[in-house]
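Notes to accompany the following structure.
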Amino acid sequence: MKRTREYFSIPNLMGYFRIALLPVFLLLYYRADSKTFYLAALLVLAVSFLTDFLDGKIARKFNMVTDFGKILDPVADKLTQGGIAVALTFQYPLTVRLLVFFLLKELYMAVMGLILMKKDRKITGALWYGKACTCILDAGILLLLFVPNLPLLVSNAVIYLLMAVMAVTWGMYLLFHIQMLTTGEADSGRTKGKRRGLLITGIIILAVISFVLCAILPYRRQPEVSSEYMESFQADSFYGEGISADRAVMIEDNGAALRERIRLISQAQERIILSTYEMRSDTSGMQIMAALRAAALRGVQVELLLDGFAFWTQVEGNPYFYALETTDNVEIIVYNRANVLTPWKGMSRMHEKYIIADDRVYLAGGRNTFDFFLGDQEGHKNYDRDVLVYNTGGADSSVHDLVLHFEETVAQKCCSLWRHGKLLENSASVKRAAAELDRLYVRMQAENPQQFEAIDYADVTFPVNHISLVSNPGGLYPKEPWTFWTLCQLIKHADTETIIHTPYIICNDYMYDMFTEICQKNENVMLMTNAPSTNGNYFGAVDYVLNKEKILDTGLKILEYSGNYSYHGKSILIGDRLSAVGSFNMDIKSAYQNTELMVVIDSREVNDQLEDIFLDYQREACPAAESGSEVEELFSGDVPGRTRMVRRVIMWLDPWIRFLM
Ligand SMILES: O=P(O)(O)OC[C@H](O)CO
């Protein structure tokens with residue numbers, strides 16, 4: 001009778017109620033595709049927390065503390081924590097790993113608790129690290145739960161931090177338990193704790209310094225171009241006699257750039273290759289993913305090559321990319337995946353941006369795969385450029401060279417297939433993301449059917465004499481500056497009017513010398529770059545201001561672009577035949593660290609088209625003044641405080657690490 005009364009005491013009934021609330025919370029959170037469901041789920045959780053807070057108080061105040069209650073309360077706590085972790089997997093797939101880790105740790109704690117109890121070992125003093133871990137875990141989980149749609153970088157960082165905190169705590173518990181089992185008691189004293197704390201802080205500081213040095217030092221020296229490569233260069237090979245199999249046209253408008261990508265993907269029959277430096281799951285990125293998934297589902301082989309740094313900030317942990325990757329016929333390949341254990345490899349990036357459909361058509365240029373570059377998205381825009389190349393059917397088409405280039409790139413050791421466990425594949429967030437991509441594709445077809453229609457590319461492209469691809473050597477670490485050197489040789493060789501458009505210009509001495517050499521031979525070399533106020537890249541803006549005199553001293557005629565949006569196009573007009581378009585910025589990173597791809601087109605018509613485009617931009621540009629007040633402008637009152645602060649930090653860092661910027 002007493003037992004029955006214990007089971008049904010008010011605090012214990014509150015404990016059952018808490019457990020009963022769990023499925024309600026999970027159901028609401030799972031269905032939370034609108035604010036109402038989401039708030040309802042959070043309300044249920046709040047009621048559960050309140051009940052937890054009150055049941056102990058009631059038990060103590062009204063003398064209702066029972067042995068059964070002592071077990072029920074922590075069980076309800078753990079179930080709620082576990083339930084929250086499960087709920088998080090609906091939104092953030094990576095929390096599956098957190099959940100597994102959490103369960104393993106709790107299992108260990110339960111088993112060790114039983115062993116210690118059996119051996120009659122009593123724990124004296126509070127285990128501060130256990131409490132600290134619970135606090136940090138709760139704070140992190142509540143952050144993930146209450147702040148929906150956190151940037152991926154933040155949610156990933158929180159998840160990995162929580163796992164690291166759990167791992168450290170687990171390690172400390174392990175030492176504690178060993179001590180308990182061997183000596184029968186364990187010291188949780190403050191002095192020892194303080195000493196251990198200092199040691200850990202010292203180790204962390206040392207690790208951070210070593211990490212930074214290892215990441216930076218390998219890139220301080222930049223290699224020269226080998227004589228072998230120089231000897232292999234033949235300027236004439238960039239020009240063609242007669243008409244080649246390729247036809248080409250510049251794609252200038254961001255809306256057209258998205259439409260042409262969708263058309264190209266939806267018309268592909270056998271294979272799509274997409275190489276992109278950065279891809280996001282925003283409006284345009286989602287449309288590309290939806291189209292790629294649809295293509296894969298109809299049997300087209302889809303290969304997506306992503307850079308390893310952007311992969312970490314945009315892809316890892318993103319349910320839409322998991323949904324795409326789990327689709328049959330899709331392979332996601334990661335170039336130099338960011339790894340904290342090998343910081344010396346970290347600075348080499350895959351920066352090429354191109355998409356190929358079968359052996360028929362490709363787009364290559366400076367556009368990344370997100371809203372700043374694709375589609376007409378409100379509030380997001382950069383000006384940029386692709387060249388669309390159409391193979392009319394001949395064996396001499398550059399599309400074959402590009403496919404070969406892709407295959408050589410992904411065959412390198414630094415490229416790996418993205419693999420993840422079945423656990424993630426089957427998580428609710430991934431399944432939901434796949435369904436969302438499929439619905440989006442149907443909607444795109446209904447709302448914008450024209451972009452799915454086949455067009456005769458011959459009608460919209462110009463004849464071409466020859467197309468050559470220029471790229472840097474493969475491998476990680478600083479590379480010979482093949483692309484920079486080759487472009488400079490072409491400019492030198494042509495000895496005619498040349499206009500370079502680059503969003504940023506950050507040069508080392510070799511690059512300055514090369515420009516000086518070019519300008520001594522050819523007075524008509526103009527370079528347009530963003531004015532500091534228009535430059536979307538903090539490093540680019542600051543370094544330009546600091547080194548403007550040096551740039552002007554080379555003899556280059558500099559124009560500063562100050563239109564409505566930041567200019568991101570990377571192209572060169574060489575005389576009246578050659579046009580180079582691609583990913584190459586006139587900076588040290590593009591010259592020595594990144595993979596880059598420039599498409600050099602010999603075609604008077606394409607050259608004319610690019611010249612008109614250049615003139616349009618140049619109307620909104622002014623010649624750079626010898627010395628200006630740019631430094632003050634970077635920090636003027638109109639500039640938002642946060643931007644000013646970032647610029648100040650970069651200004652201080654620039655002389656030390658400009659080779660990485
Ligand atoms: O703006 P992007 O896409 O040319 O990338 C610039 C980065 O610094 C890569 O080197």
Side-chain angles (χ1 to χ4, degrees), residues 215-216 219 222 254 257 274-280 282 284-285 288 305-315 335-336 338 345-355 363-374 380-387 409 414 470-472 476-479 481-484 487 500-508 511 527-530 532 534-544 561 565-572 580-599 646 650 653-654 657-661:
I216 292 176
Y219 299 88
Q222 292 99 32
N254 285 2
L274 170 57
S275 167
T276 183
Y277 172 59
E278 188 172 349
M279 181 164 182
R280 299 184 188 172
D282 54 10
S284 58
I288 298 286
L305 173 61
L306 299 167
D307 174 63
F309 185 74
F311 174 83
W312 198 77
T313 58
Q314 302 295 335
V315 180
Y335 182 95
N336 192 21
K345 290 184 182 169
M347 294 298 169
S348 300
R349 305 270 54 97
M350 200 289 299
H351 192 232
E352 300 168 16
K353 299 116 188 229
Y354 56 84
I355 178 164
L363 279 158
R367 287 189 167 96
N368 294 306
T369 314
F370 61 93
D371 288 352
F372 274 83
F373 307 96
L374 299 175
H380 300 279
K381 196 163 181 169
N382 263 220
Y383 291 124
D384 213 323
R385 176 169 312 115
D386 295 309
V387 59
T409 306
C414 58
V470 181
S471 57
N472 280 341
L476 304 178
Y477 308 112
K479 314 170 203 295
W482 285 359
T483 310
F484 176 73
L487 294 172
I500 303 168
H501 278 198
T502 180
Y504 338 112
I505 171 161
I506 303 177
C507 302
N508 63 0
M511 295 167 82
L527 182 145
M528 189 187 89
T529 190
N530 281 300
T534 322
N535 203 325
N537 181 317
Y538 289 130
F539 302 114
V542 170
D543 191 272
Y544 174 69
Y561 176 75
Y565 300 101
S566 195
Y567 183 74
H568 198 254
K570 308 124 194 314
S571 311
I572 310 178
V581 178
S583 62
F584 189 86
N585 297 314
M586 285 295 166
D587 64 17
I588 304 173
K589 272 167 82 175
S590 279
Y592 297 93
Q593 289 154 24
N594 296 342
T595 71
E596 298 289 350
L597 181 84
M598 290 299 276
V599 180
V646 177
I650 293 176
L653 286 175
D654 183 89
I657 55 160
R658 58 191 299 276
F659 56 95
L660 296 175
M661 305 199 321

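One-based numbering along the sequence shown. Values in this document were obtained by computation on a predicted structure and should not be read as measured data. Whatever order the structure lists them in is the order used to number ligands and atoms, beginning at 1.
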Where on [X] is there a heavy atom closer than 4.0 Å to ligand 1, on the side chain, on the backbone, on both, or on neither?
| X | answer |
| --- | --- |
| Tyr504 | side chain |
| Lys570 | side chain |
| Lys353 | side chain |

In terms of atom number and element, which parts of ligand 1 are under 4.0 angstrom from non-hydrogen atoms of [X]?
| X | answer |
| --- | --- |
| His568 | 1 (O), 2 (P), 3 (O), 4 (O) |
| Asn594 | 9 (C), 10 (O) |
| Tyr277 | 3 (O), 5 (O), 7 (C), 9 (C) |
| Asn368 | 3 (O) |

Task: Other residues, nucleotides, ligands: >12 heavy atoms within 6.0 Å of Phe309 CZ - done: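 It does not: Phe309 CZ has 12 such atoms or fewer within range.
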Task: Over 12 non-hydrogen atoms of neighbours within 6.0 angstrom of NZ in Lys381 - done: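 Counting other residues, nucleotides and ligands, NZ of Lys381 exceeds 12 neighbours.
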Open item on the list: Ring of Phe373, cation from Arg367 - is the NZ or CZ under 6.0 Å from the centre and inside 45° of the axis?
Closed with: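 That pair does not qualify as a cation-pi contact.
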Open item on the list: Check whether Asn472 reaches the backbone of Ser590 with its side chain - one donor and one acceptor, N or O, closer than 3.5 Å.
Closed with: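 Looks like yes, one N/O pair under 3.5 Å.
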Task: side-chain contact (heavy atoms from CB on, under 4.5 Å) evaluation trace for Tyr335 with Leu476 - done: CA-CA 10 Å; Tyr335 182 95; Leu476 304 178; 3.9 Å; yes
Task: Geometric N/O contact His351 with ligand 1, under 3.5 angstrom - done: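 His351 vs ligand 1: N/O contact under 3.5 Å present.
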Open item on the list: Would Asp587 count as a polar contact of ligand 1, with the cut-off being nitrogen or oxygen pairs under 3.5 Å?
Closed with: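 Checking ligand 1 against Asp587, no N or O pair falls under 3.5 Å apart.
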Open item on the list: Aromatic contact between Tyr383 and His568, with the criterion being ring centroids under 6.0 Å apart: yes or no?
Closed with: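 For Tyr383 and His568, the ring centres are not under 6.0 Å apart.
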- [ ] Report yes or no: do Ser583 and Glu596 form a side-chain donor-acceptor pair below 3.5 Å?
- [x]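 Their side chains do contain a donor-acceptor pair, which is all the 3.5 Å distance test asks for.
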TODO: Tell me which protein heavy atom sits closest to atom 8 (O) of ligand 1, plus the residue, atom name and distance to 0.1 Å.
DONE: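 The protein heavy atom lying closest is Lys589 NZ, 2.9 Å.
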